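Written out below as structure tokens is the structure these notes cover.
Chain identifiers are assigned alphabetically (A, B, ...) following the order of the sequence lines, protein sequences preceding nucleic acid strands; residue numbering begins at 1 within each chain. All of these numbers come straight from a predicted model, not from anything done at the bench. Keep in mind that the numbers below use all heavy atoms, side chains included, and drop hydrogens, waters and symmetry copies.
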2 protein chains.
Amino acid sequence: MGDTPEHTATPVGEPSLDEQVALYQREFQDLDPQVEKVMSALSRLSRRMNVAYGRQTAALGISNAEWEVLKALVLSGAPYRMGPSELAKQLGLTPAAMTHRIDRMTAEGLVTRERDESNRVRVIVELTEEGRSKWLEAMRSASVFEEDLLQDLRAEERGVLGDMLTRLLDRVERLQSRG
Amino acid sequence: MGDTPEHTATPVGEPSLDEQVALYQREFQDLDPQVEKVMSALSRLSRRMNVAYGRQTAALGISNAEWEVLKALVLSGAPYRMGPSELAKQLGLTPAAMTHRIDRMTAEGLVTRERDESNRVRVIVELTEEGRSKWLEAMRSASVFEEDLLQDLRAEERGVLGDMLTRLLDRVERLQSRG
DNA sequence: CGCTTGAACTTTAGGTCTTAAGTCTTCGAC
DNA sequence: GTCGAAGACTTAAGACCTAAAGTTCAAGCG
């Protein structure tokens with residue numbers, strides 16, 4: 001979330017997915033190649049997506065981390081206010097990290113921070129007009145990229161993919177709520 | 001990669017995927033819900049997977065970051081040696097970060113570091129026996145988790161999913177190799 | 001040879017995160 | 001009413017990262 005390392009310009013030279021699965025099998029025979037292929041693909045894809053999003057947000061003068069905060073605030077609906085703890089929970093950060101992020105974003109004019117006068121323990125983070133417009137720009141840019149990324153899949157395939165991923169997500173959530 | 005925040009024990013209270021897509025549409029009408037669902041699913045899934053892997057590796061006394069290094073070394077094949085720069089490239093890190101990781105892993109006995117006597121500018125990082133056995137343990141634990149995660153998908157579906165993800169990966173690579 | 005260029009790695013400075021230890025406010029029990 | 005406990009946020013210390021400058025060695029050129 002320190003965003004895209006400049007270093008990672010073009011991570012070439014990786015083996016293809018199938019080659020990589022073959023390497024795994026050579027070193028660890030007890031492995032289902034189909035499973036490994038799916039997991040490796042997910043893992044690579046998420047890294048590439050982060051790089052892509054990082055470039056887009058950087059082009060708008062914000063970081064990926066900041067974009068995450070803007071997203072959460074917008075999704076909360078008008079008047080676009082949330083407490084730091086709730087933000088931290090949604091983004092999977094500690095409250096301490098959230099404090100620092102809000103510091104920076106306040107300095108940049110993306111959000112404001114004030115005490116809740118009805119309960120002075122609480123703090124209210126509110127999206128500014130500038131923050132909202134940054135979110136909109138980022139969203140436009142992201143949605144173009146996302147459409148582009150999925151262009152090789154027919155509408156029907158997109159539906160199937162969405163369903164399968166949703167099932168995986170349900171399963172991982174069940175696995176985590178136990179273990 | 002500082003691994004799983006203790007804080008992130010159970011990130012509950014998130015809206016369902018479809019609810020989240022509906023929220024996006026409310027704030028940004030010009031959005032294909034099918035596309036957004038796929039992208040949100042990928043994004044959530046990768047976060048959950050990282051949490052899961054982090055717990056598993058932590059249980060073995062290593063970090064996710066260290067596991068990545070072990071993986072790269074093992075995949076390089078016997079005698080499990082690589083230079084820091086090549087490792088950094090594969091893991092998407094800067095060489096500086098790699099230096100520090102190798103410091104730590106050397107101190108923990110997972111790898112050794114020595115100068116290449118035939119070209120004294122180069123350094124050779126080599127997996128130790130302990131490193132290899134840690135990798136094996138992590139691999140066993142991960143493969144059980146991965147099988148478990150994909151259990152709701154029939155073999156045929158797994159194949160379809162793997163293919164679709166591979167196509168996405170190809171596309172994102174083409175998109176990135178341009179600008 | 002000596003100098004320069006370049007490559008591979010390390011060091012340093014600065015930033016964002018986590019954990020742990022405050023601080024401040026609220027609320028319920030004496 | 002005051003005291004203790006719990007909650008929400010902040011501060012402080014340490015971990016790991018990036019970017020940029022530094023070091024060391026290899027190789028080419030005059």
Q) So which nucleotide from C:dC17, D:dT18, D:dC16 ends up closest to the side chain of A:A97? A) C:dC17
Q: Please list residues of residues 110-121 of chain A whose heavy atoms come under 4.0 Å from any atom in DNA chain C, ordered by number; otherwise none.
A: A:N119, A:R120, A:V121
Q. Rounded to the Å, how far apart are A:M98 CE and C:dC17 P?
A. 9 Å
Q) Is a side-chain donor-acceptor pair under 3.5 Å present for A:E146 with A:Y53? A) yes
In a table with atom names and distances, give each donor-acceptor pair under 3.5 Å that connects a side chain of residues 70-80 of chain A to protein atoms at least two apart or in another chain.
unit_1	atom_1	unit_2	atom_2	d
A:S76	OG	A:L73	O	2.6
A:Y80	OH	B:E27	OE1	2.7

(Q) So which atom in B:L110 and which in B:L127 form the shortest heavy-atom distance, rounded to 0.1 Å? (A) O-CD1, 3.8 Å
Q: Quickly work out the B:N64 CG to C:dT18 P distance and round it to whole Å.
A: 14 Å
If you look only at distance, which donor and acceptor atoms sit under 3.5 Å apart when one is on a side chain in residues 130-140 of chain A and the other is two or more places apart or in another chain?
unit_1	atom_1	unit_2	atom_2	d
A:S133	OG	A:E130	O	3.3
A:K134	NZ	A:L60	O	2.6

Q) Does a donor on one side chain sit under 3.5 Å from an acceptor on the other, for B:S141 and B:Q56? A) yes
Q) How many Å lie between CD1 on A:I124 and P on D:dA8, as a whole number? A) 14 Å
Q: Could you tell me the separation between the NZ atom of A:K89 and the P atom of D:dA8, rounded to a whole number of Å?
A: 8 Å
(Q) Any side-chain N or O of A:T94 below 4.0 angstrom from OP1/OP2 of C:dT18? (A) yes
Q: Could you tell me whether the side chains of B:S118 and B:D116 share a donor-acceptor contact shorter than 3.5 Å?
A: yes
Q. For B:D103 and C:dT12, what is the distance between atoms CG and P respectively, to the nearest whole Å?
A. 12 Å
(Q) What is the separation between atom CE on A:M105 and atom P on C:dT16, rounded to the nearest whole Å? (A) 12 Å
(Q) Please confirm whether the shortest side-chain N or O distance from A:R101 to OP1 or OP2 of C:dT16 is below 4.0 Å. (A) no
Q: Write down the atom of B:G109, the atom of B:T128, and the distance for their closest heavy-atom approach.
A: O-OG1, 2.7 Å
Q: Rounded off to whole Å, could you give me the NE2-to-P distance for the A:H100 and D:dA12 pair?
A: 10 Å
(Q) Closest approach to the side chain of B:L93, judged atom by atom: which nucleotide of D:dC17, D:dT10, C:dT11 is it? (A) D:dC17
Q. A:I102 has an atom CD1; how far is it from atom P of D:dA8, in whole Å?
A. 14 Å
